[in-house]
Amino acid sequence: MNTAVLALAGDALVVESEANWTPEELVARVPADQARLILHEVPYATPTGARRHAHLLIWWMPAPARDQEAAYRVAFDALKNQHATAPVPLIARIREHLAYPRLVALAG
C-alpha cells in the first residue's frame with residue numbers, strides 16, 4: 001500500500017481507502033468536489049539514478065469544496081506538525097497539482 005485517503009467524519013479523520021496507486025491513478029481517483037487528506041509514497045530516481053521514495057501529505061482542496069476548507073486546514077496542520085520527520089506537505093487545488101513531475105520536484 002502506498003496511498004491512504006483520509007476524510008473528515010465530524011471531528012475525526014477516517015480512512016476512506018488504502019491502495020497501491022500510481023500517480024496517474026491518484027489524479028484520476030480524487031473526488032472532484034470533496035476535500036481529502038492523502039498520504040502518498042512517490043517513487044523517483046535522483047539525477048544520478050539512485051532510487052528514492054518520498055512520503056507526501058497532500059491536502060486535496062478543489063474549489064467546489066470551499067465549505068470544507070476550515071475543517072480540513074485544522075486536520076492538515078495537525079498531521080503536518082505531528083512528527084519531526086513528517087511527510088512533505090502539499091496543497092493541491094487542481095488535478096495538475098498532483099502531476100508526477102510536480103510530486104517528484106517536491107519530494108527531491
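Keep in mind it's a predicted model, so treat the numbers as computed, not measured.
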S.K.: Nearest 0.5 Å, please: how far is NZ in Lys80 from CG in Asp77?
M.R.: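 The NZ atom of Lys80 is 4.5 Å from CG of Asp77, to the nearest 0.5 Å.
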
S.K.: Under 4.5 Å between side-chain heavy atoms, counting indirect links through other Ile/Leu/Val/Met/Phe/Trp/Tyr residues: same cluster for Trp21 and Leu6 or not?
M.R.: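 No: no chain of side-chain contacts under 4.5 Å links Trp21 to Leu6.
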
S.K.: Any side-chain to backbone donor/acceptor pair from Gln68 onto Ala35? Under 3.5 Å, distance only.
M.R.: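 Confirmed, Gln68 side chain pairs with Ala35 backbone.
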
S.K.: If you compare all heavy atoms of Ala19 against all heavy atoms of Met1, which two are closest, and at what distance to 0.1 Å?
M.R.: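 Ala19 and Met1 have their closest heavy atoms at O-CG, 3.4 Å.
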
S.K.: State the NE2-CG distance between His40 and Leu103, to the nearest 0.5 angstrom.
M.R.: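 Result: 6.0 Å between the selected atoms.
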
S.K.: How many angstroms lie between atom CG of Leu57 and atom CD1 of Ile38, to the nearest 0.5 angstrom?
M.R.: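 Taking CG in Leu57 and CD1 in Ile38, the distance rounds to 9.5 Å.
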
S.K.: Looking at Asp11, I want to see if its CG is surrounded by more than 12 non-hydrogen atoms of other residues, nucleotides or ligands under 6.0 Å.
M.R.: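 No - once you tally the heavy atoms of other residues, nucleotides and ligands closer than 6.0 Å, there are 12 at most.
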
S.K.: State whether the side chain of Arg102 and the backbone N or O of His97 hold a donor-acceptor pair below 3.5 Å, judged by distance alone.
M.R.: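 Yes; at least one donor-acceptor contact below 3.5 Å.
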
S.K.: If hydrophobic clusters are built by linking Ile, Leu, Val, Met, Phe, Trp and Tyr wherever their side-chain heavy atoms come under 4.5 Å apart, do Tyr100 and Leu26 end up in the same one?
M.R.: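 Same cluster: Tyr100 reaches Leu26 through Ile, Leu, Val, Met, Phe, Trp or Tyr contacts under 4.5 Å.
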
S.K.: Which heavy atom of Ala32 sits nearest to which heavy atom of Pro62, and what is that distance?
M.R.: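 The pair with the smallest heavy-atom distance is O-CB, 3.4 Å.
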
S.K.: Any link between Tyr44 and Ile58 through a network of hydrophobic side chains (Ile, Leu, Val, Met, Phe, Trp, Tyr) touching at under 4.5 Å?
M.R.: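 Yes.
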
S.K.: Is there a donor-acceptor contact under 3.5 Å from the side chain of Tyr72 to the main chain of Leu8?
M.R.: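 The answer is yes, because a donor-acceptor pair under 3.5 Å joins these two groups.
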
S.K.: Hydrophobic clusters here meaning ILVMFWY residues chained together by side-chain heavy-atom distances under 4.5 Å, can you tell me if Val88 and Trp60 are in one?
M.R.: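 Yes, Val88 connects to Trp60 through the hydrophobic network.
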
S.K.: If I take atom CD from residue Glu18 and atom CG from residue Leu39, how far apart are they, to the nearest 0.5 angstrom?
M.R.: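 Here the rounded value is 10.0 Å.
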
S.K.: Show your working on side chain to side chain contact (heavy atoms under 4.5 Å, CB included) between Val30 and Arg36 and close with a plain yes or no.
M.R.: CA-CA 8 Å; Val30 292; Arg36 292 293 183 269; over 6 Å; no

S.K.: In Å, rounded to the nearest 0.5 Å, how long is the span from CG of Leu98 to CZ of Arg93?
M.R.: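 Answer rounded to 0.5 Å: 12.5 Å.
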
S.K.: Hey, could you give me the OG1/CZ distance between Thr22 and Arg29, rounded to the nearest 0.5 Å?
M.R.: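 If we round to the nearest 0.5 Å, Thr22:OG1 and Arg29:CZ are 8.0 Å apart.
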
S.K.: Verify the cluster assignment for Phe76 and Val15: are they in a single hydrophobic cluster under the rule of side-chain heavy atoms below 4.5 Å apart?
M.R.: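 Hydrophobic grouping puts Phe76 with Val15.
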
S.K.: At their closest point, which heavy atom of Leu37 faces which heavy atom of Ala75, and how far apart are they?
M.R.: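 The answer is CD1-CB, 3.7 Å.
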
S.K.: For the side chain of Asn2 and the backbone of Val42, is there at least one donor-acceptor N/O pair under 3.5 Å apart?
M.R.: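 Flag not set: sc Asn2 to bb Val42 has no pair under 3.5 Å.
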
